[in-house]
Amino acid sequence: MKKGLLIVVSGPSGVGKSTVREVYMKDESLKLSYSISMTTRKPREGETDGVDYFFVTKRRFRTAVKNGELLEHAEFVGNFYGTPASYVEELRNNGRNVILEIEINGALQVMEKCPDCLSIFILPPSMEELEARIRGRNSENEEVLQGRLEKARKELSYVDRYKYHVVNHDIQQAADEIGAIIKAEMEKE
Ligand code: 5GP
């Protein structure tokens, strides 16, 4: 069986990564599986352990890092996040194309370890639009909001490190573009 692809998807907070993912994941012909990360962040309302994340203690996370269990790991706004390597490997060996929806520091580690991975960066139509989306979805104070925007600007400066760029003007259109990129890559070789 042909080994599945490793697909890294990043984009600033508020760009709509998970909303777009929900659409392209529905296309069975793409043979996609979502890599469930390990995190020390507390579950948000509606999140389930083993579905959205593996929620762990800082101690368990440190052990995972020490034992080399993680393909990559990074700190993001005070919490740790990492990709369990064996889970990804098992899925790929079963022919599944695996989606890692991760932030930039982790993505750069994956690109270095697996140079043949497929990397996709989702961009907002503009910074103004991103600000409007973050404002629309949060009830956060101005300082937190400015912090998120500052982080988004920093993240956007890494866009050139990714093989493909998709602008999220429209959810369905962005999902279709990502689907087409994956299909083209599956047909290579
Ligand atoms: P959130 O706390 O909003 O679920 O995620 C915060 C950020 O961490 C998002 O950009 C998300 O894509 C990223 N993230 C989720 N899982 C992982 C992971 O396993 N590794 C890395 N490096 N980032 C992750």
Side-chain angles (χ1 to χ4, degrees), residues 6-25 32-58 60-92 96-114 117-124 130 133-140 144-145 147-159 161-162 164-166 168 174-175 178:
L6 185 59
I7 305 163
V8 179
V9 181
S10 302
S13 158
V15 80
K17 287 175 298 229
S18 57
T19 317
V20 173
R21 164 165 47 90
E22 276 165 28
V23 179
Y24 66 73
M25 290 287 289
L32 296 172
S33 290
Y34 179 66
S35 159
I36 304 167
S37 297
M38 193 185 271
T39 185
T40 60
R41 159 164 91 57
K42 295 275 168 289
R44 292 190 189 122
E45 205 168 310
E47 286 183 331
T48 310
D49 187 38
V51 175
D52 300 288
Y53 280 105
F54 296 109
F55 295 101
V56 299
T57 59
K58 286 208 163 103
R60 169 71 187 96
F61 196 94
R62 274 196 297 271
T63 306
V65 172
K66 203 168 85 199
N67 294 346
E69 291 172 43
L70 303 177
L71 174 62
E72 60 71 38
H73 61 95
E75 189 180 346
F76 188 88
V77 223
N79 288 301
F80 296 100
Y81 297 81
T83 303
S86 61
Y87 180 58
V88 170
E89 207 45 27
E90 190 186 313
L91 288 168
R92 291 182 70 200
R96 305 296 299 176
N97 298 318
V98 181
I99 299 284
L100 309 186
E101 203 175 274
I102 60 179
E103 54 68 65
I104 279 136
N105 290 317
L108 295 176
Q109 293 169 44
V110 176
M111 290 177 203
E112 197 157 318
K113 277 192 193 167
C114 314
C117 72
L118 180 57
S119 54
I120 303 173
F121 196 97
I122 305 184
L123 290 154
L130 187 71
R133 287 186 199 177
I134 296 177
R135 277 190 196 278
R137 93 174 176 186
N138 290 306
S139 50
E140 283 156 341
V144 175
L145 191 124
R148 276 179 189 263
L149 283 172
E150 187 48 42
K151 183 135 185 110
R153 276 186 210 102
K154 244 182 228 152
E155 289 183 332
L156 287 167
S157 68
Y158 283 94
V159 62
R161 307 289 286 271
Y162 290 71
Y164 295 95
H165 309 145
V166 171
N168 185 16
I178 292 178

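In each ligand, atom 1 is the first atom listed, and ligand 1 is the first ligand listed.
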Notebook entry, point to check: Do Leu6 and Lys113 touch side chain to side chain, with heavy atoms closer than 4.5 Å?
Noted result: no
Next item on the list: Would you check if the side chain of His165 reaches a backbone N or O of Val159 as a donor-acceptor pair within less than 3.5 Å?
Entry: yes
Checklist line | Leu32 and Ile7, any side-chain heavy atoms less than 4.5 Å apart | finding: yes
Next item on the list: Mark yes or no for whether Lys17, through its side chain, and Val9, through its backbone, hold a donor-acceptor pair below 3.5 Å.
Entry: no
Checklist line | Side chains of Pro12 and Lys151 in contact at under 4.5 Å (non-hydrogen atoms) | finding: no
Margin query: Taking Ala107's backbone N and O only, do any of them form a donor-acceptor pair with Glu72's side chain (distance below 3.5 Å, no angle check)?
Written below: no
Item checked: Under 4.0 Å from ligand 1 - residues by heavy atom, chain and number -> Lys17, Ser37, Arg41, Arg44, Tyr53, Glu72, Ala74, Phe76, Tyr81, Gly82, Thr83, Glu101, Ile102, Glu103, Gly106
